[in-house]
Amino acid sequence: MSAGRALRFSKMHGAGNDFVVLDLRGGRDAPGPALARRLADRHAGVGCDQLLTIEDSAFPDCLARYRIWNADGTPASQCGNGARCVAAWLRREGVAMSPRFRLDSPAGPVQAEALGAGRYAIDMGPPRLAPAAIPFRAEAEAVEYRLPLDGGEVAFGAVSMGNPHAVIEVADVAAAPVARLGPALQARPEFPEGVNVGFAQVLAPDRIRLRVFERGAGETLACGSGACAAVVALVRRGRLARHAFVELPGGTLEITWPADDASVVMAGPTAFVFEGELLLEQPE
Ligand SMILES: N[C@H](CCC[C@H](N)C(=O)O)C(=O)O
């Protein structure tokens, strides 16, 4: 991206997971990791968990393409809350005239639907459970894996929604050692591309509380793909219904996984916070 003097952006969030959104349609070049970090910086930049770019799609049935960079500058292949915000941005701009439309993402196409009042549903596609697809190094696919961690052993489910997730069930998310276990699991060699680590507490047959220590961003107020992964992992363990409400610190998402190998559909809020210009060069 050329170091022009200013960069226009939209600031948005989905259930508190916040984003800087750049419109790169028309072939403007994507930011590098350094600019992504600068935009995400909550002191020297705008501040966000992830940077989202909106770009032209090569697929005629997709309205646009989005890409994702974590706050640490690393690229990500899926972002559920971000997909909803991209959908809302395209509706506001009048690009999405129909309430249902397809978007292309690094993890493949997703289907968006405007539900009204800023709420959007995203068909995230089916979960990927084979270890190689997560990726997670394991002898065979299992509903639950165990690894030595933090002086003990941790049990978790491993699911990809296009990005890797580990889901740990805990008795009380408020007391969960998120800041310790999250980075410890991310550092394990069995997750060669890192992992987003979810801590889930079952409240009712159709309701969980969830905190997520995200890859490349740390603990966020919400993680859409993490909510999908948590429902899949807990349904597989017989701990949750296939239609469930996921209470995250920043808001509640509604997740439906109607059958094994079926798409996971996530519904939740979006919000525009402000529009702005980031000065890329200091005046003399
Ligand atoms: N940290 C994630 C990307 C953002 C996912 C999250 N914000 C969501 O809403 O799904 C990763 O590196 O895979």
Problem - Separation of D206 CG from R242 CZ (nearest 0.5 Å) - result: 14.5 Å

Exercise for the section: With side chain to side chain contact (heavy atoms under 4.5 Å, CB included) as the test, would you mind laying out the steps for I255 and V264 before giving the verdict? Expected result: CA-CA 7 Å; I255 310 294; V264 184; 3.5 Å; yes

Exercise for the section: Mind running side chain to side chain contact (heavy atoms under 4.5 Å, CB included) on F199 and L181 for me, showing each step along the way? Expected result: CA-CA 10 Å; F199 298 80; L181 284 191; 3.9 Å; yes

Problem - Q78 versus S225, side-chain donor and acceptor atoms under 3.5 Å - result: no

Practice task
Would you confirm whether R128, through its side chain, and P135, through its main-chain N or O, come within 3.5 Å as a donor-acceptor pair?
Solution key: no

Exercise for the section: Check whether any side-chain heavy atom of S263 lies under 4.5 Å from a side-chain heavy atom of Q111, and answer yes or no. Expected result: no

Practice task
Could you tell me the separation between the CG atom of L22 and the OG1 atom of T53, rounded to the nearest 0.5 Å?
Solution key: 7.0 Å

Practice task
Any chance you could lay out the ring pair (Phe, Tyr, Trp, His ring centres under 6.0 Å) test for F19 and Y66, step after step, and finish with the verdict?
Solution key: CA-CA 13 Å; F19 308 106; Y66 62 91; 10.0 Å; no

Handout entry: Student check: side-chain heavy atoms of L280 and L35 closer than 4.5 Å
Key = yes

Problem - V21 with L103, same ILVMFWY side-chain cluster at under 4.5 Å - result: yes

Completion exercise
Shortest non-hydrogen pair, G14 vs A222, comes out as O-CB, 4.0 Å

Exercise for the section: Taking all non-hydrogen atoms of both residues into account, name the closest pair between A174 and D172 and its distance. Expected result: N-OD1, 2.9 Å

Handout entry: The single option from R215, Q50, R37 passing side chain to side chain donor-acceptor pair (under 3.5 Å) against N70
Key = Q50

Handout entry: Shortest non-hydrogen contact between T270 and C85, atoms and distance
Key = CG2-N, 3.9 Å

Fill in the blank from the handout: In this structure, OG of S10 is separated from CZ of F274 (nearest 0.5 Å) by 9.5 Å

Handout entry: Side-chain heavy atoms of V232 within contact of L129, under 4.5 Å
Key = yes

Fill in the blank from the handout: Here the gap from E190 atom CD to Y145 atom OH, rounded to the nearest 0.5 Å, amounts to 12.0 Å

Exercise for the section: Flag the pair R119 and E254 as a salt bridge only when some basic side-chain nitrogen lies within less than 4.0 angstrom of an acidic carboxylate oxygen. Expected result: yes

Exercise for the section: Give the intermediate values and the outcome of salt bridge (charged side-chain N to carboxylate O under 4.0 Å, His left out) for residues D49 and R42. Expected result: CA-CA 10 Å; D49 296 324; R42 297 190 186 279; 3.1 Å; yes

Exercise for the section: Looking only at non-hydrogen atoms, find the nearest pair between L90 and A64 and report the distance. Expected result: CD1-CB, 4.0 Å

Fill in the blank from the handout: The reported gap from SG in C79 to CE in M161 (rounded to nearest 0.5 angstrom) is 12.5 Å

Handout entry: Expected output: side-chain R38 to main-chain A44 donor-acceptor under 3.5 Å
Key = yes

Handout entry: Side chain S57, main chain F59, donor-acceptor under 3.5 Å
Key = yes

Handout entry: Exam field: side chain D23 to backbone R25, donor-acceptor pair closer than 3.5 Å
Key = yes

Problem - Minimum side-chain heavy-atom gap Q186-P164 below 4.5 Å - result: no

Practice task
Output yes when a side-chain donor or acceptor of T256 lies under 3.5 Å from a complementary backbone atom of P258, and no otherwise.
Solution key: no

Practice task
Determine, stepwise, if the pair R236 / E141 fulfils salt bridge (charged side-chain N to carboxylate O under 4.0 Å, His left out).
Solution key: CA-CA 12 Å; R236 296 183 81 211; E141 179 182 329; 2.9 Å; yes

Exercise for the section: Check whether more than 12 heavy atoms from other residues, nucleotides or ligands sit under 6.0 Å from atom CG of D261, and answer yes or no. Expected result: no

Practice task
Assess whether atom CZ of R237 is packed by more than 12 heavy atoms of other residues, nucleotides or ligands within 6.0 Å.
Solution key: yes

Handout entry: Heavy-atom pair of closest approach, residues Y120 and R84
Key = O-CD, 3.2 Å

Completion exercise
For L240 and P205 the tightest heavy-atom approach is CD1-O, 3.3 Å

Exercise for the section: Report yes or no: do F213 and L149 belong to one cluster of Ile/Leu/Val/Met/Phe/Trp/Tyr joined by side chain heavy-atom distances under 4.5 Å? Expected result: yes

Problem - V167 reachable from V231 in the ILVMFWY side-chain graph, under 4.5 Å edges - result: no

Handout entry: side chain to side chain contact (heavy atoms under 4.5 Å, CB included) between I208 and V202, worked out
Key = CA-CA 4 Å; I208 63 173; V202 176; 4.2 Å; yes

Practice task
Find out whether P269 and L253 are in side-chain contact, i.e. whether some heavy atom of one side chain is under 4.5 Å from a heavy atom of the other.
Solution key: yes

Problem - Carboxylate-amine/guanidinium contact D123 R102, below 4.0 Å - result: no

Handout entry: Check: S77 side chain, G162 main-chain N or O, donor-acceptor pair, under 3.5 Å
Key = yes

Practice task
Describe, in one word, how the ring planes of F156 and F136 are oriented to each other, choosing from parallel (under 30°), tilted (30 to 60°) and perpendicular (over 60°).
Solution key: perpendicular

Fill in the blank from the handout: Rounding to 0.5 Å, atoms OG1 (T220) and CG (N17) come to a distance of 5.0 Å

Practice task
Considering only NZ, NE, NH1 and NH2 on the basic side and carboxylate oxygens on the acidic side, decide whether R8 and E275 come within less than 4.0 Å.
Solution key: no

Problem - Donor-acceptor contact below 3.5 Å, side chain R91 vs main chain M97 - result: yes

Handout entry: Criterion side chain to side chain contact (heavy atoms under 4.5 Å, CB included) on V197 and I168, from CA distance to verdict
Key = CA-CA 8 Å; V197 185; I168 302 168; 3.9 Å; yes

Problem - Salt bridge present between D56 and R28 (N-O < 4.0 angstrom) - result: no

